[in-house]
Amino acid sequence: AQSVSQHNHHVILSEAASLELGCNYSYGGTVNLFWYVQYPGQHLQLLLKYFSGDPLVKGIKGFEAEFIKSKFSFNLRKPSVQWSDTAEYFCAVYTNAGKSTFGDGTTLTVKP
Amino acid sequence: DAGVIQSPRHEVTEMGQEVTLRCKPISGHNSLFWYRQTMMRGLELLIYFNNNVPIDDSGMPEDRFSAKMPNASFSTLKIQPSEPRDSAVYFCASSSFPLADYEQYFGPGTRLTVT
């Protein structure tokens with residue numbers, strides 16, 4: 001069965017600090033990888049996604065993620081966070097069989 | 001497109017009552033997912049459908065939970081009887097499968113409180 005592990009449950013940063021959120025998955029086949037963001041009181045929205053090709057993918061709001069197949073990882077990064085990035089971030093795996101699995105989420109708090 | 005529509009947005013009910021949550025996916029999407037989100041358990045996939053057929057319901061917590069998708073534009077998640085531990089936000093999401101890019105579009109959620 002597939003699984004997704006997000007290592008950091010809660011991250012607290014000051015504005016302008018760099019961000020990296022870890023995500024590892026386990027699945028033996030081909031996967032599609034996503035990062036979703038959930039701002040306080042809102043529903044999940046897509047941040048970025050990886051299907052194939054360049055393992056470094058860029059998303060909205062300056063976020064990017066790198067797929068490292070050998071490490072089964074898809075870490076999310078942003079060079080300089082803003083207060084408005086305060087949210088919960090979910091890594092997700094979607095297999096070709098149609099099943100999605102989400103990580104437990106990482107809550108990011110950015111202090112102004 | 002109006003996006004994924006869920007109703008009601010909020011539901012407060014007494015323990016033992018039947019609760020029905022509704023979802024209208026984005027037109028043209030053929031996959032539909034029901035999730036439950038709580039502080040304790042995070043985001044859990046309950047069940048998902050492809051072309052109106054339930055594919056995997058292993059996430060449904062108990063027999064009190066049931067989901068149906070009678071047609072491509074409507075799905076329900078029913079809890080009967082409801083219990084206080086069912087209190088959560090229930091999200092519905094839809095996507096195109098196997099075509100397109102698998103991105104799931106989430107609805108606004110239904111916040112269920114069982115007293």
Side-chain angles (χ1 to χ4, degrees), chain A residues 1-10 21 23 25 27 29-54 57-60 63 65 67 74 87-108, chain B residues 2-7 9-10 21 23-26 29-60 69 88-111:
Chain A
Q2 68 213 58
S3 65
V4 178
S5 174
Q6 292 183 239
H7 317 298
N8 314 102
H9 185 65
H10 195 177
L21 302 182
C23 173
Y25 68 93
Y27 184 70
T30 302
V31 296
N32 304 295
L33 300 160
F34 300 80
W35 276 97
Y36 286 85
V37 60
Q38 185 177 30
Y39 297 103
Q42 297 188 25
H43 59 281
L44 277 77
Q45 305 169 46
L46 182 69
L47 205 52
L48 50 78
K49 60 191 176 188
Y50 171 80
F51 288 90
S52 62
D54 189 345
V57 293
K58 295 188 184 300
I60 60 172
F63 286 90
F67 172 51
F74 190 56
E88 191 163 14
Y89 293 80
F90 293 89
C91 181
V93 167
Y94 197 156
T95 71
N96 287 341
K99 182 166 184 175
S100 62
T101 302
F102 281 73
D104 289 339
T106 297
T107 299
L108 171 64
Chain B
V4 176
I5 299 172
Q6 289 187 249
S7 64
R9 293 295 306 278
H10 298 272
L21 311 181
C23 175
K24 176 178 168 51
I26 292 174
H29 283 184
N30 54 2
S31 289
L32 184 139
F33 306 80
W34 281 103
Y35 293 91
R36 177 173 68 176
Q37 185 179 40
T38 62
M39 288 290 291
M40 291 296 293
R41 302 172 71 93
L43 192 65
E44 304 172 274
L45 175 65
L46 300 178
I47 184 171
Y48 74 97
F49 297 83
N50 281 344
N51 296 316
N52 312 338
V53 177
I55 301 301
D56 188 337
D57 65 354
S58 59
M60 297 286 263
M69 192 164 185
V89 180
Y90 290 82
F91 288 102
C92 175
S94 71
S95 72
S96 297
F97 175 84
L99 301 176
D101 57 8
Y102 302 98
E103 175 186 345
Q104 292 183 43
Y105 294 80
F106 283 78
T110 296
R111 183 173 295 278

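Since we're looking at a predicted model, the values are computed, not measured.
With rounding to the nearest 0.5 Å, the separation of OH in B:Y105 from CG in A:L46 is 7.5 Å. Taking OG1 from A:T101 and CD from B:E44, the interatomic distance works out to 12.0 Å, rounded to the nearest 0.5 Å. We find the CZ-OH distance between B:F33 and A:Y94 to be 3.0 Å, quoted to the nearest 0.5 Å.
If you measure heavy-atom distances from A:Q45 to chain B, you find no contacts under 4.5 Å at all.
Heavy atoms from other residues, nucleotides or ligands lying under 6.0 Å from NE2 of A:H9 number 12 at most.
Across B:E103 and A:Y36, no two heavy atoms sit closer than the pair C-OH, 3.9 Å.
Side-chain contact check for B:Q104 versus A:F34: every heavy-atom pair is 4.5 Å or farther apart. Two residues are said to be in side-chain contact when any heavy atoms from C-beta on lie closer than 4.5 Å; A:H43 and B:Q6 fail this criterion.
Across B:G109, B:G42, B:P108, the residue that shares the most heavy-atom pairs under 4.5 angstrom with chain A is B:P108.
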